**Q** 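The following block contains the structure, expressed as structure tokens.
Because only heavy atoms are used, hydrogens play no part in the values below, and waters and symmetry mates are left out as well, while side chains stay in. Counting begins at 1 with the first residue of the sequence. Quantities reported herein were computed from a predicted structural model and do not represent experimental measurements.
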Amino acid sequence: MNFEAFFKDWLIRQENLSYQLLDAVAPENIHNNELHQCLIDQVLSHYQQCYLEKSLAATEDVFQIISPPWLTFPERTFLWIGGFRPSLIFKLIANSVQDLTAEQESEVQQVKAETRREERELGQTMARVQESVASAPFMNLARLSANLVDGEVPEAEAAMKELQKGMLAVLEAADALRSTAAWKVLQILRPIQTVKFLAAVAQFHLTTRRWCLDRDQGF
């Protein structure tokens, strides 16, 4: 199964899990810690599987993962290095978890500051990698390819491999930052708060996708 097919199935499971998350914060389940922890484990496993499949697909074609053709045009405009911007986590927490203690709030703010700093640094690294596309080897790609000799590795081909290597390294770092930021936040939240946060994440993802699918009809 390629990543596009996997992702379609993954989205179906995402929607099913979103219903379970919403049900878990209903009044009759609000104190069911066993249900909450079980569901948290399921959701984290769900995301972990996606990152694993994404990593494998990126080694085959990093450019498709950076700008996935199976997403709508509006969805691709929201992407940051092949996924969501890590700082989005903190907006979703603010909107979904209203009962943070002062200590929790302080810890979340610390993670937020660390994440934003790393996010800026990664953005700068990505910009440098993208700037290399405008270098002479890439501009001369068509001309050099036309003059290939058996056994010769053209300058443009070597440069393209370097670009792929650089993009893959940045993508892996971005995914690591997304995962690390989420994990640090989850260590701060109580189980019921985690369920509320994960429900907000799932709802945001699915709602954004539905909106983008509607908007895509106009492109």
Side-chain angles (χ1 to χ4, degrees), residues 1-14 46-92 114-142 144-145 153-183 201-202 204-216 218-219:
M1 179 185 295
N2 61 29
F3 187 76
E4 180 177 1
F6 163 81
F7 188 67
K8 287 180 180 177
D9 289 343
W10 187 88
L11 282 174
I12 294 172
R13 293 194 296 275
Q14 173 87 331
H46 176 66
Y47 284 113
Q48 186 176 32
Q49 183 185 19
C50 187
Y51 276 107
L52 176 59
E53 294 294 332
K54 180 182 177 184
S55 177
L56 294 173
T59 61
E60 296 293 326
D61 188 344
V62 66
F63 300 115
Q64 278 208 337
I65 299 300
I66 291 289
S67 184
W70 51 84
L71 295 184
T72 63
F73 174 77
E75 282 177 295
R76 290 196 295 275
T77 65
F78 285 120
L79 291 181
W80 178 83
I81 314 183
F84 67 88
R85 187 176 287 274
S87 54
L88 175 63
I89 289 172
F90 306 98
K91 294 180 181 179
L92 292 173
E114 294 171 354
T115 301
R116 282 188 166 174
R117 183 181 65 253
E118 293 185 53
E119 191 178 281
R120 284 194 300 271
E121 292 172 356
L122 265 179
Q124 292 167 359
T125 301
M126 185 61 164
R128 288 193 295 271
V129 172
Q130 290 174 323
E131 285 170 6
S132 69
V133 176
S135 65
F138 292 99
M139 298 301 288
N140 295 328
L141 177 60
L144 292 174
S145 297
V153 179
E155 181 184 359
E157 184 177 329
M160 180 61 76
K161 288 181 179 179
E162 282 302 308
L163 175 61
Q164 291 173 328
K165 181 179 178 181
M167 295 279 270
L168 182 59
V170 176
L171 174 64
E172 289 174 343
D175 280 345
L177 179 58
R178 283 184 270 265
S179 298
T180 300
W183 178 253
V201 170
F204 176 82
H205 185 193
L206 295 169
T207 300
T208 300
R209 178 162 175 77
R210 284 192 288 268
W211 181 85
C212 288
L213 286 170
D214 290 340
R215 289 279 296 173
D216 194 51
F219 288 90

**Q** Taking T59 for the side chain and L56 for the main chain, is one N or O donor matched with an acceptor at less than 3.5 Å?
**A** yes
**Q** Which pair of non-hydrogen atoms, one from Q164 and one from V62, has the smallest distance, and what is that distance?
**A** O-CG1, 3.9 Å
**Q** Give, for atom CH2 of W211 and atom CG of L206, the distance between the pair rounded to the nearest 0.5 Å.
**A** 15.5 Å
**Q** For C212 and F78, work out which heavy atoms get closest and say how close.
**A** SG-CE1, 3.7 Å
**Q** Any chance you could measure L92, atom CG, to S87, atom OG, to the nearest 0.5 Å?
**A** 10.0 Å
**Q** Answer yes or no: are there more than 12 heavy-atom neighbours, outside Q48 itself, under 6.0 Å from its atom CD?
**A** no
**Q** Looking at R178 and P86, what are the two nearest heavy atoms and their distance?
**A** CG-CG, 3.9 Å
**Q** At what distance, to the nearest 0.5 angstrom, does CG of L88 lie from OG1 of T115?
**A** 12.0 Å
**Q** Should the heavy atoms of other residues, nucleotides or ligands under 6.0 Å from CZ of R209 be counted, would the total exceed 12?
**A** yes
**Q** So does H46 get a backbone contact from the side chain of W10, meaning a donor-acceptor N/O pair under 3.5 Å?
**A** yes
**Q** For S179 and D175, indicate whether the former's side chain and the latter's backbone hold a donor-acceptor pair under 3.5 Å.
**A** yes
**Q** Keeping T77 on the side-chain end and P74 on the backbone end, is there a donor-acceptor pair under 3.5 Å?
**A** yes
**Q** Within this structure, what is the OG1-CZ distance for the pair T208 and R215, rounded to the nearest 0.5 Å?
**A** 13.0 Å
**Q** Evaluate the criterion side chain to side chain contact (heavy atoms under 4.5 Å, CB included) for residue pair M167 and I65; output intermediate values, then yes/no.
**A** CA-CA 10 Å; M167 295 279 270; I65 299 300; over 6 Å; no
**Q** What closest approach, in Å, do A202 and Q14 show between heavy atoms, and which atom pair accounts for it?
**A** CA-NE2, 3.8 Å
**Q** If I compare all heavy atoms of I81 with all of L171, which pair ends up nearest, and what's the gap?
**A** O-CD1, 3.4 Å
**Q** Just by modelled atom types, is the G82 backbone N or O under 3.5 Å from a matching donor or acceptor in the K54 side chain?
**A** yes
**Q** Any non-hydrogen side-chain atom of W70 less than 4.5 Å from a side-chain atom of N2?
**A** no
**Q** Mind checking the CZ-CD spacing from F3 to Q64? Nearest 0.5 Å is all I need.
**A** 10.5 Å
**Q** Is W183 atom CH2 crowded by more than 12 heavy atoms from other residues, nucleotides or ligands, each under 6.0 Å away?
**A** no
**Q** Mind running side chain to side chain contact (heavy atoms under 4.5 Å, CB included) on W80 and M126 for me, showing each step along the way?
**A** CA-CA 10 Å; W80 178 83; M126 185 61 164; over 6 Å; no
**Q** About how many Å separate CG of L71 and CG of L79, when rounded to the nearest 0.5 Å?
**A** 6.0 Å
**Q** Within the distance-only criterion (no hydrogens, no angle test), does the side chain of T125 pair as donor or acceptor with the backbone N or O of E121 below 3.5 angstrom?
**A** yes
**Q** Identify the heavy atoms of P69 and R76 that sit nearest to each other, and give their distance.
**A** O-NH1, 3.8 Å
